[in-house]
There are 2 protein chains.
Amino acid sequence: MTDAAPTGEITGRRRRSGAATIYDIAELAGVNPSTVSRALNQPGRVSAKTEEKIRKAAADLNFHANPMARALPTGRTHTLAVVVADITNPMVFGVIRGAERAASQAGFTLVIAESQESGSLEAGTIDNIAPSVDGIVLATSRLPDEEILRLAQRKTIVTLNREVDGIPSVISDPAPGVSALVAHLADLGHRAIAYLGGPSRSWISGRRWEALMHAARERGVAVFEIGPNSPTLTGGESAFERAHASGATAVVAYNDLMAIGLMRAAKAAGVSVPEDLSVVGFDDVLGDLLSPSLTSVHADLTGMGTRSVARLLAQLGADGSHEGDGPITTELVIRESTGPSPR
Amino acid sequence: MTDAAPTGEITGRRRRSGAATIYDIAELAGVNPSTVSRALNQPGRVSAKTEEKIRKAAADLNFHANPMARALPTGRTHTLAVVVADITNPMVFGVIRGAERAASQAGFTLVIAESQESGSLEAGTIDNIAPSVDGIVLATSRLPDEEILRLAQRKTIVTLNREVDGIPSVISDPAPGVSALVAHLADLGHRAIAYLGGPSRSWISGRRWEALMHAARERGVAVFEIGPNSPTLTGGESAFERAHASGATAVVAYNDLMAIGLMRAAKAAGVSVPEDLSVVGFDDVLGDLLSPSLTSVHADLTGMGTRSVARLLAQLGADGSHEGDGPITTELVIRESTGPSPR
DNA sequence: CGTGATTTGTCAATCGGTTGCCAAACGAGC
DNA sequence: GCTCGTTTGGCAACCGATTGACAAATCACG
């Protein structure tokens, strides 16, 4: 140690990032580091007077506990992960937004991981981040059930729009929205509806299809599924021909992106929406921006993000205020892309 | 815990998450833990034979080094952060996507933090995450220059679309796109262009305006700025009246979202695009989805995300392959929202 | 075979917190 | 004033890695 360092860089304890430690606080307050730790984390464990003194010192030093150092002995990282198949799917934005807010509000950090629509990549990604997070939200998992169960043994997991045996999940129940949707289409005179399915590994696509079948049966409307398709713009575009050939007067797509792709292909083919063909999406994430604007089955995506994080926190025992546990409801938002059946 | 646990949960060393440690490897391979650390991180430091033995043991145990434990002595967390003002701004999706890919490719984890368009919240957020990341990308910062400089003293920073004195930045140069844009509009007969500015704290909004002025002067076209505005749909909607009243035949909005809001308000007011009014956006992030589709100045957002992470990594000495350092170019994408001047 | 130079592996300290255990200090009650 | 019970704060081990210093082993070469 050189003497009289004027820069102040070398002052006994060398610090990496200028951040204050509990040792600094302890020194300033004239107590033991362990007392500092207790004062800050276990209210009531130390006397009010000492705690006050320590809190003041901590504030003076702008102390922020090093999360890494804290994670080491406790095993709790105060970090959560959301794993999505594809970041560019607008559906995940809402989820991420809700999750981010809930997490940061609880003092947790959120990390986003993308599996790029690949099951094996997803498993690898999860392996990588698992040691540094306390829990994981599988937002659009392409993993088989067994893999998710295996994962849940070593890490706290919540699934989104996916039901796996013993795993807590946050599901948007398509039934209410779909029921209103079919009523809406039936009222407009539609008698044959096509469903453009999503990826074969998507659990929720199956539920949407089932809800559609069920509602259609009740109303005496014919439905059939076209798919599976990639849940993207091009997926919707390339399905247009089949949908159109099917003779359906209304097409319900697995999500808004596909619905938009479909509308685009329709326009290119000279088929006008909604005069010649009614189009409906799911998630209600972009419909408002277009023209014609898109009728869609709305789900509260932000709320789903919030709730999935709340579930995670509840399981981790980090948060008492567990919100409702039932499925999230959906509702129909009618816009310009649906109209009377041409026949 | 009950005695004689047949589950094998209590086996001498109690492990928190079932993860193997270097101690397990050391035992299995019959060497010292520090030798394991060296074998795995400093190629050549131990004999080939020993390294082989250790690597095999590590593989057998499915070893993944605990990032927290590693971060403690080294101070390197292998985590990067992207801080954005508003997650729902579609412009950030592309950036995040690019950043996420570049980070995970380099073995880094990406965390997203949202400052909700508030400068003070942004500072607080950054304080919170700073200790657990190696570097930060300020994607849409609302912080004053001095604050960013202060931050850069304790953490590696890269700014996006923002120039601050000594701070590395990734900038999309509006000039090429704007120059083509003004030429395009001039060719269509437009003689007066309005610019709908973004938030007053947005550095890049100023640059876009300057580029527009410069190009307009060269072409002998009149331009004027209307703003500042919120960079959102409603920001664009509420600016319509002023834009229309101004007599401009073409409106260039700070971003696509505002352009869409403007088009919507125009439609509601019975002003048709592009016949009565030409509309242009920036970033080219949604233009393709609408109809009429939106003419926009395209920037490679994913590339910007990738590059900002590459910059960060280069500064951290984690990656040699530093990409080009010049500004990112922009180009005009002509779609349906621009047409001949009504006059 | 002996010597010096080099390679290889071990020891132990360290990062910044947390926490079980214990002793000192304190207060109450007789 | 003394004992007993309760707070309160300190000591030290520990989480799982990294790394400087050093000793042991290995090797080259005369």
Side-chain angles (χ1 to χ4, degrees), chain A residues 1 12-55 57-58 61-79 107 130-132 134, chain B residues 12-54 57-58 61-79 107 130-132 134:
Chain A
M1 209 138 301
R13 174 182 290 274
R14 162 99 136 234
R15 61 180 54 120
R16 202 182 307 289
S17 55
T21 72
I22 57 169
Y23 296 90
D24 300 323
I25 298 178
E27 201 177 343
L28 188 59
V31 298
N32 190 282
S34 59
T35 304
V36 175
S37 173
R38 289 202 179 92
L40 264 25
N41 304 317
Q42 308 178 28
R45 179 60 177 76
V46 304
S47 70
K49 218 181 75 193
T50 311
E51 180 173 337
E52 169 58 23
K53 200 168 54 182
I54 288 173
R55 288 206 179 280
L61 265 41
N62 187 27
F63 172 76
H64 284 252
N66 181 325
M68 307 289 161
R70 165 177 285 181
L72 203 40
T74 61
R76 320 246 355 235
T77 62
H78 289 255
T79 299
S132 40
D134 290 340
Chain B
R13 174 182 289 271
R14 163 103 134 228
R15 61 179 53 122
R16 203 179 310 288
S17 55
T21 72
I22 57 168
Y23 297 90
D24 301 322
I25 298 178
E27 199 177 345
L28 188 60
V31 297
N32 191 283
S34 58
T35 304
V36 174
S37 174
R38 290 206 174 88
L40 263 26
N41 304 319
Q42 309 179 28
R45 178 63 177 73
V46 303
S47 71
K49 218 181 75 194
T50 310
E51 180 174 336
E52 168 59 23
K53 201 167 53 181
I54 289 173
L61 265 41
N62 186 28
F63 172 76
H64 283 253
N66 182 323
M68 307 290 160
R70 165 176 285 182
L72 202 41
T74 60
R76 319 245 353 234
T77 63
H78 289 255
T79 299
S132 40
D134 290 340

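Residue numbers start from 1 in every chain, and the chains themselves are labelled A, B, ... in the order their sequence lines are given, proteins ahead of strands. The basis for the numbers below is simple: all heavy atoms, side chains too, and nothing from hydrogens, waters or symmetry mates.
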What is the separation between atom CG on Asn41(A) and atom C1' on dT19(C), rounded to the nearest whole Å? 11 Å

If I take atom NE2 in residue His78(A) and atom P in nucleotide dG17(C), what distance separates them, rounded to the nearest angstrom? 13 Å

Between Asp134(B) and Gly75(B) the two heavy atoms that sit nearest each other are OD1-O, 3.7 Å

Taking atom P of dG9(D) as reference, at what distance in whole Å does atom OH of Tyr23(A) sit? 18 Å

Has Asn66(A) got a side-chain N or O lying under 4.0 Å from the OP1 or OP2 atom of dC15(C)? no

Length of the CZ-P vector between Phe63(A) and dG16(C), whole Å: 11 Å

Short side-chain N/O contact to dC15(C) OP1/OP2 from Thr74(B), under 4.0 Å: no

Between dG20(C) and Arg38(A), counting only base atoms on the nucleotide and side-chain atoms on the residue, is there a donor-acceptor pair under 3.5 Å? yes

Give a yes or no answer on whether the side chain of Thr77(B) reaches the backbone of Ser132(B) with a donor-acceptor pair at less than 3.5 Å. yes

Reckon Ser47(A) touches a base, only the sugar-phosphate, or nothing at all at heavy-atom distances under 4.0 Å? sugar-phosphate

Are the side chain of Asn41(B) and the backbone N or O of Arg38(B) linked by a donor-acceptor pair below 3.5 Å? no

Would you say Arg70(B) reaches dT18(D)'s phosphate, i.e. side-chain N/O to OP1/OP2 under 4.0 Å? yes

At under 4.0 Å, does any side-chain N or O of Ser37(B) touch on OP1 or OP2 of dT18(D)? yes

Interatomic distance where CG belongs to Leu72(A) and C1' belongs to dC15(C) [whole Å]: 9 Å

Taking only the side-chain nitrogens and oxygens of Thr35(A), find out if one of them lies under 4.0 Å from OP1 or OP2 of dG10(D). yes

To the nearest angstrom, how far is Leu40(A) atom CG from dT18(C) atom C1'? 12 Å

Judged by nearest nucleotide, the residue sitting upstream toward the 5' end of DNA chain C, Ala69(B) or Ala48(B), is Ala48(B)

Glu27(A) atom CD is separated from dG16(C) atom P, nearest whole Å, by 14 Å

When you check the phosphate oxygens OP1 and OP2 of dC11(D), does a side-chain N or O of Asn32(A) lie under 4.0 Å from one of them? yes

Could you say whether Ser34(B) or Met68(B) is positioned toward the 5' end of DNA chain D, judged by the nucleotide with the nearest heavy atom to each? Met68(B)

Could you go through the side chain to side chain donor-acceptor pair (under 3.5 Å) check for Thr50(A) and Ser47(A) one step at a time? CA-CA 5 Å; Thr50(A) 311; Ser47(A) 70; 2.7 Å; yes

For atom CG of Leu61(A) and atom P of dG17(C), their distance in whole Å: 11 Å

For the base of dG20(D), is there a side-chain donor-acceptor partner from Arg45(B) under 3.5 Å away? no

Just by distance, do the side chain of Thr35(B) and the backbone of Pro33(B) share a donor-acceptor pair under 3.5 Å? no

